[in-house]
Protein chains: 2
Amino acid sequence: MNIGEAAKASGVSAKMIRHYESVGLLPPASRTEAGYRQYGEKDLRTLQFIRRSRDLGFSIEEIRSLVSLWQDRTRPSRQVKALAKQHLDFLDRKLAELQSMKHALAHLVSCCHGDERPDCPILEGLAGKES
Amino acid sequence: MNIGEAAKASGVSAKMIRHYESVGLLPPASRTEAGYRQYGEKDLRTLQFIRRSRDLGFSIEEIRSLVSLWQDRTRPSRQVKALAKQHLDFLDRKLAELQSMKHALAHLVSCCHGDERPDCPILEGLAGKES
DNA sequence: CTTGACCTTCCCATGGTTGGAAGGTCCATC
DNA sequence: GATGGACCTTCCAACCATGGGAAGGTCAAG
C-alpha cells in the first residue's frame with residue numbers, strides 16, 4: 001500500500017505521515033526498490049490510532065506516550081488514565097479561556113447598535129472605557 | 001517613555017511591540033538620538049487597545065481592521081459589529097470543537113478503571129474499537 | 001570609569017500543518 | 001516504445017503569536 005492509499009484509508013495526510021515518521025512517532029516504513037513507502041494493516045491501525053488521538057486534541061508528544069502505552073500490553077491502565085485526565089484538564093482550561101473571551105465579546109456586541117452611526121461600545125470597550 | 005515602560009504600562013511585551021511595529025500594526029515609533037523608541041500617551045492607548053483585542057482572541061489582521069475602524073471617527077458601528085460577530089462565530093466553532101473533544105475523552109476516561117490492570121477502554125477507543 | 005539595566009537588530013525555535021519546487025517512478029494508452 | 005498523468009521522493013518555506021538569545025550600543029548611578 002502506497003502512502004497515498006494509506007493516507008486515504010487512515011484519514012492522515014501523506015504529508016503528515018511523512019512528518020510523523022521524521023519525528024519518530026512512526027517507525028520508518030519499509031520501502032520498495034524505487035524508494036516508495038509501503039504500508040500494511042498494522043501500520044494502518046497505528047495511523048488510525050494517531051488520527052483519533054489528534055482528533056481528541058492530544059499533542060504529538062502525548063501521542064508518542066499513548067502509542068507506547070498502547071503497544072505495551074502489560075501497562076497499568078492507571079498510567080493511561082492519568083495521561084488522559086491531564087489532557088482533559090488542559091481542555092477544560094482552554095474551554096474556560098474561550099468561554100471568557102466569548103462572554104466578554106458577546107457583551108460588547110450586544111451593546112452595539114450596529115447601524116450607520118459611529119458610536120460603538122465595542123471599540124469603546126477595547127479602548128478601555130468601562131462599559 | 002522607553003519601550004520597557006510602555007510594555008509594563010500596556011501589558012504588551014517589548015518583543016511584541018517591536019513585532020507589531022515591524023508588521024505595520026503600529027506606526028514606527030519616534031526615536032531618541034541614540035535610536036531608542038519613544039512612546040507617549042497616545043501610543044499607550046493604542047497598545048492597550050491591541051492588548052484587549054488580543055485578550056479577546058482577535059488575530060493580528062482583525063486587530064489591524066479594528067484599529068483602523070477605531071481611528072476613523074465616522075465609521076458606521078455596523079462594520080465593527082460585523083467584524084466582532086464574525087469573531088464570535090469563530091469562538092463558537094472553537095468552543096464546539098473543544099466541547100466535543102472533551103465529551104469524547106471524558107467518556108473514555110469514565111470507562112477506564114485506572115488501576116494496575118492492563119485493560120484500558122481509553123486505548124481501545126483510540127484504537128477504534130466501539131466502546 | 002565601571003557596572004548593571006536598559007536598548008538596538010538579527011536569527012532561531014516553538015507546534016501542527018500545508019504548499020510548492022525539482023526530480024524520479026509507475027502504469028495505461030496511443 | 002514513447003508519452004502523459006498520477007503518483008512518489010526530498011527539501012525548503014510558510015503560517016500564527018510569541019519567546020530566547022547573541023552581539024553590541026546607551027544611559028544613569030556609584
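Keep in mind it's a predicted model, so treat the numbers as computed, not measured. Labels below follow one simple rule: chain letters A, B, ... track the order of the sequence lines, proteins then strands, and each chain is numbered from 1.
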Between [N] ([atom2]) and [X] ([atom1]): distance, integer Å:
X       : N      : atom1 : atom2 : value
B:Leu26 : D:dA17 : CG    : P     : 14 Å
B:Ile63 : D:dT18 : CD1   : C1'   : 13 Å
B:His19 : C:dC11 : NE2   : P     : 16 Å
A:Arg64 : C:dG16 : CZ    : C1'   : 14 Å
A:Arg18 : C:dG20 : CZ    : P     : 15 Å
B:Ile3  : C:dC7  : CD1   : P     : 7 Å
B:Asn2  : D:dT26 : CG    : P     : 14 Å
A:Ile17 : C:dT17 : CD1   : C1'   : 14 Å

Remember a base hit wins even if backbone is also touched, and classify B:Thr32 as base, sugar-phosphate or nothing at under 4.0 Å, heavy atoms.
-> nothing

When all nucleic acid strands are considered with a 4.0 Å heavy-atom cut-off, which category describes A:Phe58: base, sugar-phosphate, or nothing?
-> nothing

Could you tell me the separation between the CG atom of A:Leu66 and the OG atom of A:Ser53, rounded to the nearest 0.5 Å?
->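 If I round to the nearest 0.5 Å, the distance is 5.0 Å.
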
Is there a residue in residues 7-16 of chain A whose heavy atoms reach under 4.0 Å of DNA chain C, and which residues are they?
->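 Under 4.0 Å from DNA chain C: A:Ser13, A:Lys15, A:Met16.
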
What are the residues of residues 35-57 of chain A, sorted by number, that bring a heavy atom to within less than 4.0 Å of DNA chain C?
-> A:Tyr36, A:Arg54

Expected output: side-chain [X] to main-chain [Y] donor-acceptor under 3.5 Å:
X        : Y        : value
B:Gln48  : B:Ala9   : yes
A:His107 : A:His103 : no
A:Lys102 : B:Leu91  : no
B:Asp115 : B:Arg117 : yes

Would you work out how much the helix from C:dC1-D:dG30 to C:dC30-D:dG1 bends between its ends, with each end axis defined by five base pairs, to 10 degrees?
-> 30°

Any side-chain heavy atom of [X] sitting closer than 4.5 Å to one from [Y]?
X       : Y        : value
A:Thr74 : B:Pro118 : no
A:Lys15 : A:His19  : no
A:Ile50 : A:Tyr20  : yes
B:Leu95 : A:Gln99  : yes
A:Arg75 : B:Cys120 : yes

Do A:Glu61 and A:Arg64 sit within salt-bridge range, that is, some charged N less than 4.0 Å from a carboxylate O?
-> yes

Between B:Tyr20 and D:dA17, does any side-chain N or O lie under 4.0 Å from OP1 or OP2?
-> no

